[in-house]
Amino acid sequence: CPISENLYTHQATALTLSGILLQERLENEILVLLNSWLKTGSSTFLNMTSMFTYYLIADKYPDQALIAVAYISDKEKISSKSSDIVFKVYRSCRSKFIAYLSDWLKDERPLIRQMAGSYFFRFINIEDAATDQDSIEKVVAIIAILWKDRKMPNCVTMQKDTVEKVRGWAEEALVALAHDEREAFSQYQEFFYKLYQECSKKLDYYFDKWQKNREYKQQLAIKRGASNESLFAARQVSFFLLIPTKE
């Protein structure tokens, strides 16, 4: 099926194929065709057309779209649409996206694992992580791998990024508590309780470090004449509230 290597032809082909698919016609035939184009190593144009089509149908066919992204990433083929596809699936089907990230991080292929880590840092926020029990468990597993697995590609960088991610989420949880957003804080606290079961040593170390820094800043605020009311409120908020009470 020769296709002129012309941007307009590329877009028109993708629009036509996606339109047929979204009308629930010729589903098997078109998906097989897209898959074959994606795996045609001799034609960058066919790869691009396939990926643009996957982008257009990502809402309805998230599994096929994410599988295509993983294939492209593993083969180190350049596709400007990969991130667009991932973001589109993330927006429309976050639980499925988190499940794929979890599976990709357990994959033996280094490029797939590296891709999963980068998308986790880029897209997933604490609201996603604390949505429900399934999301909590999967995100906890993701963080545990990124923190503990020394075979992860770019291991040191991944671990540093994980520390910053967890710190940002912990601070968001404390902000929710300080603003008396009890329901949100309860969800975040539940997530951190679960994370503590998997990463207790790391959380003990970092929460202690972050809390000391927090208290140091409070002492500076006292010297600068901050109001007693604001300082009292700040003292009621601690990173240690995010871990289970030790008996």
Side-chain angles (χ1 to χ4, degrees), residues 90 94-95 97-106 116-150 152 154-222 226-247:
Y90 164 72
R94 298 190 183 189
S95 60
F97 179 63
I98 289 172
Y100 267 84
L101 289 182
S102 179
D103 289 341
W104 285 341
L105 279 169
K106 298 169 189 173
S118 66
Y119 283 138
F120 172 74
F121 296 128
R122 182 174 175 182
F123 293 119
I124 303 301
N125 57 48
I126 191 171
E127 289 85 0
D128 303 326
T131 299
D132 51 48
Q133 282 299 319
D134 187 58
S135 295
I136 289 174
E137 290 178 5
K138 283 186 169 59
V139 174
V140 164
I142 288 170
I143 291 176
I145 290 172
L146 292 170
W147 244 352
K148 296 178 180 180
D149 190 348
R150 295 183 180 180
M152 272 294 300
N154 299 326
C155 174
V156 174
T157 300
M158 289 285 188
Q159 289 178 346
K160 289 180 179 178
D161 289 345
T162 303
V163 171
E164 290 307 307
K165 190 82 164 176
V166 172
R167 179 175 183 166
W169 288 2
E171 289 176 344
E172 286 187 59
L174 297 191
V175 168
L177 178 60
H179 291 170
D180 204 29
E181 298 171 2
R182 297 286 174 171
E183 184 176 351
F185 176 73
S186 178
Q187 292 176 323
Y188 302 159
Q189 188 180 50
E190 184 177 2
F191 168 79
F192 275 101
Y193 279 13
K194 189 71 176 179
L195 182 61
Y196 189 81
Q197 293 176 13
E198 293 293 328
C199 305
S200 59
K201 291 183 179 179
K202 290 186 178 295
L203 285 182
D204 279 337
Y205 171 78
Y206 284 111
F207 277 6
D208 182 64
K209 178 180 178 180
W210 298 338
Q211 187 60 30
K212 286 178 179 176
N213 184 57
R214 182 182 183 85
E215 291 170 1
Y216 172 72
K217 290 180 178 179
Q218 289 172 359
Q219 291 301 317
L220 289 180
I222 291 173
S227 71
N228 289 333
E229 183 178 347
S230 63
L231 286 172
F232 177 76
R235 288 190 181 117
Q236 307 310 303
V237 176
S238 165
F239 286 105
F240 297 125
L241 294 173
L242 298 173
I243 61 177
T245 303
K246 296 181 180 179
E247 298 179 357

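Please read these numbers as outputs of a predicted model, since none were measured by experiment.
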Side-chain touch [X]/[Y], heavy atoms, less than 4.5 angstrom:
{"X": "Val166", "Y": "Trp147", "value": "yes"}
{"X": "Asp134", "Y": "Ile98", "value": "no"}
{"X": "Asp204", "Y": "Tyr196", "value": "yes"}

Output yes when a side-chain donor or acceptor of [X] lies under 3.5 Å from a complementary backbone atom of [Y], and no otherwise.
{"X": "Lys194", "Y": "Val139", "value": "no"}
{"X": "Lys165", "Y": "Ile124", "value": "yes"}
{"X": "Glu190", "Y": "Ala130", "value": "no"}
{"X": "Gln189", "Y": "Leu242", "value": "no"}
{"X": "Tyr188", "Y": "Glu172", "value": "no"}

Mind listing the closest non-hydrogen atom pair of [X] and [Y] along with its distance?
{"X": "Met158", "Y": "Ser118", "value": "CE-N, 4.4 Å"}
{"X": "Phe120", "Y": "Ile143", "value": "CZ-CG1, 3.8 Å"}
{"X": "Gln211", "Y": "Val237", "value": "NE2-O, 4.4 Å"}
{"X": "Leu174", "Y": "Ser238", "value": "CD2-O, 3.4 Å"}
{"X": "Leu146", "Y": "Met152", "value": "CD2-CE, 3.8 Å"}
{"X": "Asp128", "Y": "Ser135", "value": "O-CB, 3.6 Å"}

### Task
Output, in order, the C-alpha distance, side-chain angles, deciding distance and verdict of side-chain contact (heavy atoms from CB on, under 4.5 Å) for Ser95 and Lys138.
CA-CA 9 Å; Ser95 60; Lys138 283 186 169 59; over 6 Å; no
Measuring from [X]:[atom1] to [Y]:[atom2], what's the distance to the nearest 0.5 Å?
{"X": "Asp103", "Y": "Ile142", "atom1": "CG", "atom2": "CD1", "value": "9.0 Å"}
{"X": "Lys160", "Y": "Asn154", "atom1": "NZ", "atom2": "CG", "value": "11.5 Å"}
{"X": "Leu177", "Y": "Phe185", "atom1": "CG", "atom2": "CZ", "value": "4.5 Å"}
{"X": "Glu183", "Y": "Glu181", "atom1": "CD", "atom2": "CD", "value": "10.0 Å"}
{"X": "Trp210", "Y": "Phe239", "atom1": "CH2", "atom2": "CZ", "value": "6.5 Å"}
{"X": "Thr131", "Y": "Phe191", "atom1": "OG1", "atom2": "CZ", "value": "11.0 Å"}

### Query
Would you say the side-chain atoms of Gln197 and Tyr193 include a donor-acceptor pair closer than 3.5 Å?
no
### Query
Any ion pair linking Asp180 and Arg182 (charged N to carboxylate O, less than 4.0 Å)?
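Yes, Arg182 and Asp180 are salt-bridged.
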### Task
Determine, for Glu171 against Arg167, whether the closest basic-nitrogen to carboxylate-oxygen distance falls under 4.0 angstrom.
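Between Arg167 and Glu171 there is a salt bridge, with a charged N closer than 4.0 Å to a carboxylate O.
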## Note on the structure
side-chain contact (heavy atoms from CB on, under 4.5 Å) filter on Ala141, not counting sequence neighbours, yields none
### Task
Quick one: sort the Tyr100 and Trp104 rings into parallel, tilted or perpendicular, breaks at 30° and 60°.
perpendicular
### Query
Which of parallel (below 30°), tilted (30 to 60°) and perpendicular (above 60°) describes Phe192 and Phe207?
tilted
### Task
Take Tyr119 and Tyr90, measure what side-chain contact (heavy atoms from CB on, under 4.5 Å) needs, and give me the verdict at the end.
CA-CA 10 Å; Tyr119 283 138; Tyr90 164 72; over 6 Å; no
